Amino acid sequence: MDRRSFLATTMTSGVIAATSGAATSVAAAEMDVSGLTKANIPTPALVVDLNAFEANIQKMADHCRQAKIGYRPHAKTHKCPQIAKRQVAAGAFGVCVATVPEAEAMAAVGISGILLTSPIVDAGKIGRMVALASGGGKVMLSIGHPREAELLAAAAGAAKTQLDVLVDLDVGDKRTGILPGESAVELARQISRSKNLTIKGVQAYAGHASHTIGFEARQRVSREAIAKAVETKGLLQRAGFDAQILSCGSTGTYNIDSTIEGVTELQVGSYVFMDVDYRRIGSRDGNAVYSDFQPSLTVLTTVVSATHSERVTVDAGTKALDTTTANIPQAKNRPGLLYAKNGDEFGAVNLEPGGKLPAIGERLEFIVPHCDPNVNLYDRIYACLGDKVEAIWSVAARRENAAGKI
Ligand SMILES: Cc1ncc(COP(=O)(O)O)c(C=O)c1O
């Protein structure tokens, strides 16, 4: 795409973004829940146990306050403005987002301090982010490549919009970002040549550290990764940049990264829900189960076939339970039942020693293997106190066109 059509696209998508109703899908979530319980909502359904969920929100808030560190939780986990609002009310600076629709959905409910942690090099997406900022949205972007810087500078310049940015560092997971050290400083110099972009610091997500099994090993991997970010932040400061922010961290490393001097905020995500993958990483006290946060998210299912003595079938297959990681869904409070994939629509629940098979029509809840992609399969979350549905929350940023855009 030539520069002219690139800029035309950024401007047009910005206008579309500014005039469409990102809030609509959020407002639609304020539904009547009277009479709704876990016994009568349609399954498969995504359910949150409010007690566990609120305890998780509080625990992270308390930890960050005591550690004197900021946090900007990652909304990629939930894509849900109602949850983001609760995190901000508990003390978060704002939220991180992985996609443009997430940024739009969060801005639509008045959340400020939105950090887009993913790179964008697409004219439409860049235009939408610039339009969000032009429309008063408090957004910050992370840039990890000279081409990204070039495109963003052009779009922000054309729209006469000021944008704050972080230099995104690749501190070991080889996914996004520029290498730490001199390459990052060079990128910062390029960024600063645009009068529309202001460098605020660095971002250093270490995905390879977050799920390292065993606290000592996890600490080693994370400290090694984040040291590179601390050093680069120092280099930027010595080069004259006002690099205040170092944003990093995850649910697995929150109590490691918050002790590293120079880190200013955490981008923790999964802690609100937890999942089977995270339950396996082990906690600081040596416990094999990572129990710092409680599993609050489950998929509610119904037993729809019970023909055999050793297994039943539930109405949750690969369309309802994300099974792309190594772990399998775990039946909540039902030992001796083992889930196995059984197609798009169904799951097999096999009887193990010490278990008791549920009857046809009975409901079973499963803790999901990986919370983020599982939430992405649903439009709504049923927030429950015990069996009673207290609210229905919209997974408003689930689709690319969540805000009515293409
Ligand atoms: C860039 C980035 N930051 C933060 C997180 C949050 O990590 P977690 O959900 O492990 O807390 C993720 C998760 O994948 C991420 O991709």
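Just so you know, ligand 1 is whichever comes first in the structure, and atom 1 is the first atom listed for that ligand. Just so it is clear, the model here is predicted, and its values are computed rather than measured.
Taking 4.0 Å as the cut-off, R175 counts as a neighbour of ligand 1 on heavy-atom distance. Under a 4.0 angstrom heavy-atom cut-off, Q203 registers as lying outside contact with ligand 1. Within the 4.0 Å heavy-atom cutoff, Y254 does not count among the residues contacting ligand 1.
Seen from the ring of F215, R220 does not count as a face-on cation partner, given the 6.0 Å and 45° thresholds.
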| query | Should Y271 and Q87 be marked as a side chain to side chain contact (heavy atoms under 4.5 Å, CB included) after you check the CA-CA gap, both sets of side-chain angles, and the distance that decides it? | reply | CA-CA 11 Å; Y271 77 99; Q87 292 174 311; 3.2 Å; yes

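Near V268, meaning under 4.0 Å from one of its heavy atoms, ligand 1 places the atoms 11 (O). Listed by number with element, the atoms of ligand 1 under 4.0 angstrom from any heavy atom of S270 are 8 (P), 9 (O), 10 (O), 11 (O).
When heavy-atom distances to ligand 1 are checked against a 4.0 Å cut-off, T117 comes that close only through its side chain, counted from C-beta outward. Contacts with ligand 1 closer than 4.0 Å are made by heavy atoms of both the backbone and the side chain of Q267.
Ligand 1 has no N or O atom lying under 3.5 Å from any N or O atom of Y271, backbone or side chain.
Contact of the L141 side chain with the I120 side chain is registered, since non-hydrogen atoms from C-beta on lie closer than 4.5 Å. Contact of the T298 side chain with the Y382 side chain is not registered, since no non-hydrogen atoms from C-beta on lie closer than 4.5 Å.
Shown here for N350 and A340, the closest heavy-atom pair between the two residues is ND2-CB, 4.0 Å.
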